[in-house]
S.K.: 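Before I ask anything, let me first share the structure, which is written out below as structure tokens.
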Protein chains: 2
Amino acid sequence: MKHLDIESLKEISRRCRGDILKMTTLANSGHPGGSMSSIDLLVTLYAFANVDPKDPWNEDRDRIVVSHGHISPAVYATLAAYGFVNREDVIAGFRHPASIFEGHITRGIPGVEWTTGNLGQGLSAGVGFALAAKFKKKNYHVYVVMSDGESAKGQVQEARRTARKYKLDNLTVLVDYNDIQISGHAHEVMYVDIKAEFEAAGWKTIEIDGHDHEQILSALRIAKNDGAPTAIIARTVIGKGVDFMEDKPDYHGKALTREELDKALKMLGIENDLHVYEEKRKLLPIKAHEKVKLYYEVKINTGTPRVYEKGTDNRSALGRAIADLAVLNDNVVAVDCDLKSSVKLDFLDKERPDRLVEVGVQEHNAAALAGALSADGLITFFADFGVFGIDETFNQHRLNAINNTNLKVVVTHCGIDVGEDGKTHHGLNYVGAPLAWYGFKVIVPADPNQTDRVVRYVASQYGNYVIAVGRSKLEPIRRIDGTLYFDENYVFEYGKMDILREGEDGAIYSMGSAVPEALRAWELLRERGLNFTVVNVPCPYDLDEKVLKAFSNFVVVVEDHNVYNGLGSLIAQKLFELGILPRKFIKVGLEEFPVSGDAKYLFEIYGLKAEKIVERILKEY
Amino acid sequence: MKHLDIESLKEISRRCRGDILKMTTLANSGHPGGSMSSIDLLVTLYAFANVDPKDPWNEDRDRIVVSHGHISPAVYATLAAYGFVNREDVIAGFRHPASIFEGHITRGIPGVEWTTGNLGQGLSAGVGFALAAKFKKKNYHVYVVMSDGESAKGQVQEARRTARKYKLDNLTVLVDYNDIQISGHAHEVMYVDIKAEFEAAGWKTIEIDGHDHEQILSALRIAKNDGAPTAIIARTVIGKGVDFMEDKPDYHGKALTREELDKALKMLGIENDLHVYEEKRKLLPIKAHEKVKLYYEVKINTGTPRVYEKGTDNRSALGRAIADLAVLNDNVVAVDCDLKSSVKLDFLDKERPDRLVEVGVQEHNAAALAGALSADGLITFFADFGVFGIDETFNQHRLNAINNTNLKVVVTHCGIDVGEDGKTHHGLNYVGAPLAWYGFKVIVPADPNQTDRVVRYVASQYGNYVIAVGRSKLEPIRRIDGTLYFDENYVFEYGKMDILREGEDGAIYSMGSAVPEALRAWELLRERGLNFTVVNVPCPYDLDEKVLKAFSNFVVVVEDHNVYNGLGSLIAQKLFELGILPRKFIKVGLEEFPVSGDAKYLFEIYGLKAEKIVERILKEY
């Protein structure tokens, strides 16, 4: 039921304006002002784009990302007008917990490609989808609708540059330039010369009246075929169509009262039938709606594991495994932020340079576009140092988690194992921070062999994972008899702890680059007549209760991580939950920002060195 | 010992080049390439600027921020050449744990205004310092030296726009445009049209040869007096001065070998006396150097507390208290990100509009510039929604913490108390996330009266604080006799828990917007014959052990926060540490991304409503 004749578009827009006002007034919440300024753009775009309400997830569909997700009333009204969703459900359910029509639009609602709401991230997602089309050799076009206020976010400029670099001629942006944001006129709050900035980033621009359907259509036609990423800068008026709302910041985030609604609907020539929806809303149960989640079946050949007999850094094992996967599979890509040789994506760059996305020092954009790539059928690795891939991109990954992406965040240079680069570069929150990204799983492998298996494992599972490794060379972990612990028969099982040594006098739990010190501590303790157990914990979020119960007498946790939010903290809570109070519980980790220096010195200074661990154990034994 | 004649500058630069190479080779670590391309800029700038090695922290000094902190060898060499620091200490100590000359430059070393290393944040700090000068009516000039590679960070564009908006004619940027970053030539890795982007943000630009001291000096003179923020874009060559290093990405982050050093020093006409420093380095102890921390004495009149007898939202109490402080004191400022009316900085805007910095939707820049403002003598409040002030700006605050700033992060709209805006806007990590920012303290006040006192308290203390509040209106907390709990005589003590109700059958610990539900639960339980204690915990990081010990039989923790990293998690760990296993321990909080809806519905759905809390208690009692 899509119409490209101007009169129909006008008529649909008029009716959508009524729906916007009804749903916000009924919910007594939401953002009518910007919805009214964006609606002509949306109505025209959804008519023009190759999207089909009867087959909303067709692989060849155009992707439409609405970045200023607070104009959800306009999006829902448009989707309802074209039959993607049920109009009554929208108006009655808007912002009610039992309704999928949340305050900000949600990926998975037919016609909605990306959950937005945290401003400035939508263009990055659009770049991700446009890149995905290129990787998949698909012809779909990607449209990003965004606001002028959010154009101030630096991430937007990062995304623009990336579009130029990758010649994303399949990407069109529509800017709703209503010059109003919460605090007043956008040009006064924080002036952004949107046209100049797009052009400085190499885009074509077209300026139009964003309420003139003919101009919008014409611009969309030009933008689609001009061989470059193009921004359509649409001058609009907030609250357009209702005189007392026009150009008023007040209506940015405030619904009309019943009286105002009545007045406004009259002005629009629309009947006020709010009571119909009101009755329907009353029937909604007070419970959370079922989750709207998209995912796809992961098809991948994980290849033959590599077995490392000699010492190597986990980074290289990580990089090699990613390269192996990309050689075997066309649906594997990796995103880099100018750290290729450090995070070891140089292996990938050598073997499949066409599968490496290099975006430079633009981590926010990188994390968000990687999320979108991963959501659009590509098994995506986002590689970075711990501080950038976790701390700097905290909220981007939170939004990826909300979007139920299939992202593999692989961070290297975690912990003080980084050494001389010092505290700005010591990523100490790779376990603690992702607790905020519900659904993300964290894996901290102990040696190159485990790292190799973990990479192949996460690639085969739909979902978001962090793999965190250090910087230094590590010897493969061996059993007492000298054979490899993670040998060619080893299969990684998520949540399994690895009992590396067994003894009855106490237990050292550890992960990642701290494990070699735990093993050396075991040796030193044995020399002093104490037989300890050493447990490797690669999955700190899903602790093996059986192992914890078995080895809970004298417990030591050693981690190259912030001691306040890491493995020790999680083990303490789990033991507490299990009702187990060990005779002694010692946490070794970082209690302050560390200094800069050779990692081996730092391990000594901060108590992670085997001798220091043993000293502490003996003191408290 | 500063020289402005060109020959001296050339000679100093030559000698600094030698020192750069010596210190990196001796440390076998560090970034010589960029140091060699920046050195002529630095040597000229430190000579030109009003900085005095004999009085390095003079209030009227010019501020120099070096944003690409990895060129620390160049900075240290320059500082040594001008007598700010001891040259032998620098060369011998570089990147050694016992030395203050860390891998990335550290605020507090004479001549170093800001710890950098996480790229793209330095210009925001510079904007902060330049704003501070305006607030203090000082004439000092601010210089930011930065790299071309980091210019890709979106935050840089945010900072540029802010400089224009506030007409920061006291701000000059020097861009070391060597066109090399780790992965290769910057224009290939991610092209940034630096000149066009500065100009799009309203800056003046000057292009020069960054190795020509005369051009550098001349540009500095023009920039200082041209009445606008100005960028000096200096074309440079990485590794400049040593032929085999020039224009080679390899030397970005790799020290020369001993043989290469020998060759390079010969080329520079400098004697190789590395053995002298080598001997000195060997004598350094393996321990962390003493912390280099700057702070200032806080002078503030905290005024007369406001007493709220009627219900109001904590946000308003927060905003009023900030306005009160600003009326009484000239050294109080607040930074807003287009949420003035929501975070209630509109009170400040009304009473002291000259103390409100409005930067629009540019949170990364806002957080960093707020940190710098706070470090430069201004008691600074950074106000934002929880998701933006905590989650989006996670790494900016981590860097503020490293810089030992005096920042008060006041976040509103925390928790599902936000309601209809939904999961993208539910800030659920205001306790969990700042655990990563060592030294930050978090305070979650329970009602408007406590909020008022907390704001006045944090303003009077040097240091970094988070104050987190919800969105809804809250009734002032009262004792059983109906009098105000936090009355006119109440004084906030950091770390103190508030026993709101006392009973022997169990204890509910809570904070912030969950406290009213805990109090209602107490009532409902009493109706059923159970006498519970209700404890308000405004300081989740510093738990009162005495109270915990006294009320640890049947423990319930209720929080409008992520259940995995919040108050419940911290109380569990503390009880475990104290060796206390309660008969029952129940954590109520958010276990997943919540849906969107009226807060009162969400409290019911996610178990935070009094009736639901009681239901759960009775089930497990």
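Letters A, B, ... mirror the listed sequences (proteins, then strands); counts begin at 1. Worth saying up front: this structure is predicted, and the values here are computed from it rather than measured.
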S.K.: Could you check if a side-chain atom of B:K423 sits within less than 4.5 angstrom of a side-chain atom of A:E102, using non-hydrogen atoms only?
M.R.: yes
S.K.: I need the A:R161 CZ to B:D193 CG distance, nearest 0.5 Å.
M.R.: 9.5 Å
S.K.: Between B:K287 (side chain only) and A:I605 (backbone N and O only), is there a donor and an acceptor less than 3.5 Å apart?
M.R.: no
S.K.: Listed by chain and number, what are the side chain to side chain contact (heavy atoms under 4.5 Å, CB included) partners of A:K293, not counting sequence neighbours?
M.R.: A:K291, A:N404
S.K.: How many angstroms lie between atom CZ of B:F576 and atom OG of A:S569, to the nearest 0.5 angstrom?
M.R.: 10.5 Å
S.K.: Is there a donor-acceptor pair under 3.5 Å between the side chain of A:Y601 and the backbone N or O of B:A288?
M.R.: no
S.K.: Using modelled atom types and a 3.5 Å cut-off, is there a donor and acceptor pairing between side-chain atoms of B:D338 and backbone atoms of A:S183?
M.R.: yes
S.K.: Which heavy-atom pair separates A:E197 from B:Q157 by the least distance, and what is that distance?
M.R.: OE2-NE2, 2.8 Å
S.K.: Kindly indicate whether the side chain of A:Q155, heavy atoms from C-beta on, has any atom under 4.5 Å from the side chain of B:K153.
M.R.: no
S.K.: How long is the gap from NE2 on A:H104 to OG1 on B:T424, to the nearest 0.5 Å?
M.R.: 4.5 Å
S.K.: Could you give the distance from CD (B:E358) to CD (A:E188), rounded to the nearest 0.5 Å?
M.R.: 11.5 Å
S.K.: Between A:D421 and B:R95, does any side-chain N to carboxylate O distance fall below 4.0 Å?
M.R.: yes
S.K.: Look at the rings of B:F394 and A:F394 and say which category their plane angle falls in: under 30° parallel, 30 to 60° tilted, over 60° perpendicular.
M.R.: parallel
S.K.: CG/A:N429 to CH2/B:W437 distance, rounded to the nearest 0.5 angstrom?
M.R.: 10.5 Å
S.K.: If you measure from CG on A:L581 to CG on B:L581, what distance do you get to the nearest 0.5 Å?
M.R.: 3.5 Å
